[in-house]
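These notes are about the structure you will find just below.
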Amino acid sequence: MTLENNNSVIFSNNLASDVNALLQGVSSEQLFILTDTQTQQYCLPLLQSEGALQQAKVYTMPNGDDHKTIETVVDIWKFMGENGGTRHSMLINIGGGVVTDLGGFVANTFKRGIRFINIPTTLLSMVDAAVGGKTGINFNGLKNEIGVINPAQNVIIHSDFLKSLDTQNLLSGYAEMLKHGLLSSRNEMARLSSFDATRPDYALLASLIETSVQIKADIVAQDPTEKGIRKALNLGHTIGHAFESYSHATGRPILHGYAVAWGLIGELFLSHKVQGFPQDVMLDTIRFIKENYGVFEITCNDYPALYEYMAHDKKNAAAGEVNFTLLKDVGDIVPNCIVEKELIFQALDFYRDSVGL
Ligand code: GLY
């Protein structure tokens with residue numbers, strides 16, 4: 001599958017040999033691997049089981065979003081500089097979204113930019129973070145505040161890694177796949193709704209991932225720097241990010257994909273109200289979300305705080321306006337919809353009704 005700038009996504013059944021095949025012309029002294037403590041233990045041995053990668057210099061960062069910082073970046077820049085890194089070096093990022101986002105930023109800035117390969121190990125990073133060139137770190141209390149958009153030379157998806165992923169993290173990534181389905185076709189939504197995350201059919205999942213990545217890649221290819229149609233990928237995220245931030249602020253953190261799934265409920269309601277999105281698809285999608293994701297508890301007393309998060313979302317073009325990507329129908333995308341506070345509160349009422357609060 002070809003991405004923007006002729007870069008490609010490779011769906012791999014033999015990870016080490018497929019990666020080694022991409023390293024022609026890179027000397028083994030110039031190979032660096034970035035991973036985190038969790039991935040180092042479970043996934044790195046497979047990558048280093050043969051070929052030049054056995055000699056690569058490995059930097060292992062601590063696990064988790066708290067370490068997606070400039071301090072970690074500085075430490076990796078130093079590690080590469082002190083271990084013979086040059087502008088001909090290559091960085092291989094193997095891990096979840098924190099590793100691929102931060103490692104992409106390191107690679108895009110070290111010696112003004114070196115080549116990098118992303119090997120996502122979670123579903124969320126396979127279908128979203130690792131693809132599309134967004135790289136960066138958290139800064140000054142804000143998520144992904146500093147970064148650049150420049151894609152990996154290759155993204156290698158080895159879906160066997162998902163066999164050891166827990167159900168919650170599987171569902172977290174799956175929410176982004178639901179979003180891609182809504183941006184694509186009714187046929188894809190029907191396929192996505194047939195998946196049972198509690199007893200995963202991994203062959204079906206691999207095929208769903210391939211389509212999902214293609215949907216994202218097609219959108220990114222049209223608008224790599226998010227001036228227009230790429231904003232479609234924010235579907236579910238305006239309300240979703242508010243839920244996510246609020247969950248952390250109130251000490252009951254939720255996974256990103258769960259926040260997106262619940263955000264989709266509110267944003268499908270807005271799509272129905274403002275753009276006439278069909279009710280049957282909205283209700284089918286909500287049924288799937290309710291059955292799989294449960295609820296994030298809120299009352300109407302939480303609405304003002306949630307609204308404040310939406311009003312300060314960095315995707316808004318002007319202060320005081322909340323900007324949504326909505327849908328007229330599955331695959332019929334309407335970016336830049338400004339929605340009034342009163343209707344957003346109705347969407348939160350609808351969310352609570354839908355999940356039984
Ligand atoms: N995660 C949304 C995007 O890559 O644009």
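All values reported here derive from a predicted model rather than from experimental measurement. Read the numbers this way: they start at 1 and go in the same order the structure lists the ligands and their atoms.
- Residue contacts with ligand 1 for Glu176 are absent, since no atom lies close enough (heavy atoms, distance under 4.0 Å).
- Ser185 and Asn187 are not linked by any side-chain donor-acceptor pair at a separation below 3.5 angstrom, with hydrogens and angles left out of the test.
- The shortest N or O to N or O distance between Lys216 and ligand 1 is below 3.5 Å.
- Remark: Lys328 is not positioned above the aromatic ring of Phe277, lacking an NZ or CZ atom under 6.0 angstrom from the ring centre and at most 45 degrees off the axis.
- In this pair, His237 and His256 present their aromatic rings tilted. The plane angle is within the 30 to 60° band.
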Can Asp196 and Arg199 be said to form a side chain to side chain contact (heavy atoms under 4.5 Å, CB included), step by step?
-> CA-CA 6 Å; Asp196 179 354; Arg199 281 177 299 144; 3.3 Å; yes

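- For ligand 1, the polar-atom distance check finds no N/O of Asn234 at less than 3.5 Å from any of the ligand's N/O atoms.
- If you check each of Asp128, Leu235, Asn144 against atom 2 (C) of ligand 1, the one with the closest non-hydrogen atom is Asp128.
- With hydrogens and angles left out, the side-chain atoms of Asp218 and Gln222 include no donor and acceptor closer than 3.5 Å.
- Ligand 1 is never approached by His237 to a heavy-atom distance shorter than 4.0 Å.
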